[in-house]
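Every number for a ligand or one of its atoms is a count from 1 in the order of the listing. The first residue in the sequence is number 1, and the count goes up from there.
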Amino acid sequence: MTQEITHIHRQPKDRSNQEMSLRILQITDCHLQADPEWKLAGINTQTSFEWVMDLASQDPKRIDLILLTGDLVHDASVEGYRRLNQHIQSFGIRTCCLPGNHDKPAELYKHLTGGLIEATKVIDLGSWVVVMLDSTIPHSEGGHLRDQELELLQQSLHDYADRPVLIALHHHPIKINSAWMDNMALDNPGPFLSILDQNKNAKGVIWGHIHQNFETVYNGIQMLGTPSTCIQFVENQDSFGISTAPPGFRWLELRPDGSISTGIERVAALPPGLDLKTAGY
Ligand SMILES: [Fe+2]
């Protein structure tokens, strides 16, 4: 496979500083299924996932952690979670996961975790801390942060006030200029953003769900949405549409000074078969 690597915001860095940085890969919205031959909008999601992970394996730097940010198994099947677990074991990097709207959290925690995969909610990486939030609502495509998730965020930012914190969840907490997708965003962004406002150690937020790259800054906090490992959605469009953009993943370098360098890497193309006429997913 020919792979075209796209670098965004990769900046030259002081070498000593670079060596102390933490490198995280975000892998999201894999939409695997019990049947490894299953296709979403004409695309074999297992093949697409494997292509993206193959690209990730060529990452030129030491990877400290992988974050899986939801919609990992489209049918929430035991087979799908176990196959994903096996792939991560062979990849060989510590991995933490959280659920998306297509997952069933109980099934995910039971069948995906084990070995290198954890469901740790507060990840102490030494110089940085990562907080993993569950934004899912049973039987809903939209997102909501329950009180216990908001309290966990507030408490973690308070407990680790001397460290920069990265927050991960599935649903987007800010609008992305796409009405159909914004209708299933986080439905209570107010308390979430208010907690970020009150804690200056909140440095970045990453999410899945939107199947596209999205980057902005909110009150000095990097807000980052990430492409799926399978199909992508058309950006800045109010109705559903599938894009021909290739799948990929996000890398993040968390620097000791609390800053984040980040970018997207994509494979050269989707596996064959994309059906652009698909009306939904
Ligand atoms: Fe998804």
Provide the atom name of the closest N, O or S atom of [X] relative to the Fe ion (ligand 1).
{"X": "His211", "value": "NE2"}
{"X": "Asp29", "value": "OD2"}
{"X": "Asp71", "value": "OD2"}

| query | Is it true that some N/O/S atom of His31, main chain or side chain, lies under 2.8 Å from the Fe ion (ligand 1)? | reply |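 Under 2.8 Å: His31 contacts the Fe ion (ligand 1) through an N, O or S atom.
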
N-O pairing of [X] and [Y] below 4.0 Å:
{"X": "Arg23", "Y": "Asp59", "value": "yes"}
{"X": "Arg62", "Y": "Asp64", "value": "yes"}
{"X": "Arg163", "Y": "Asp124", "value": "yes"}

| task | Report the relative orientation of the aromatic rings in Phe214 and Trp207; use parallel for angles under 30°, tilted for 30 to 60°, perpendicular for over 60°. | result | tilted

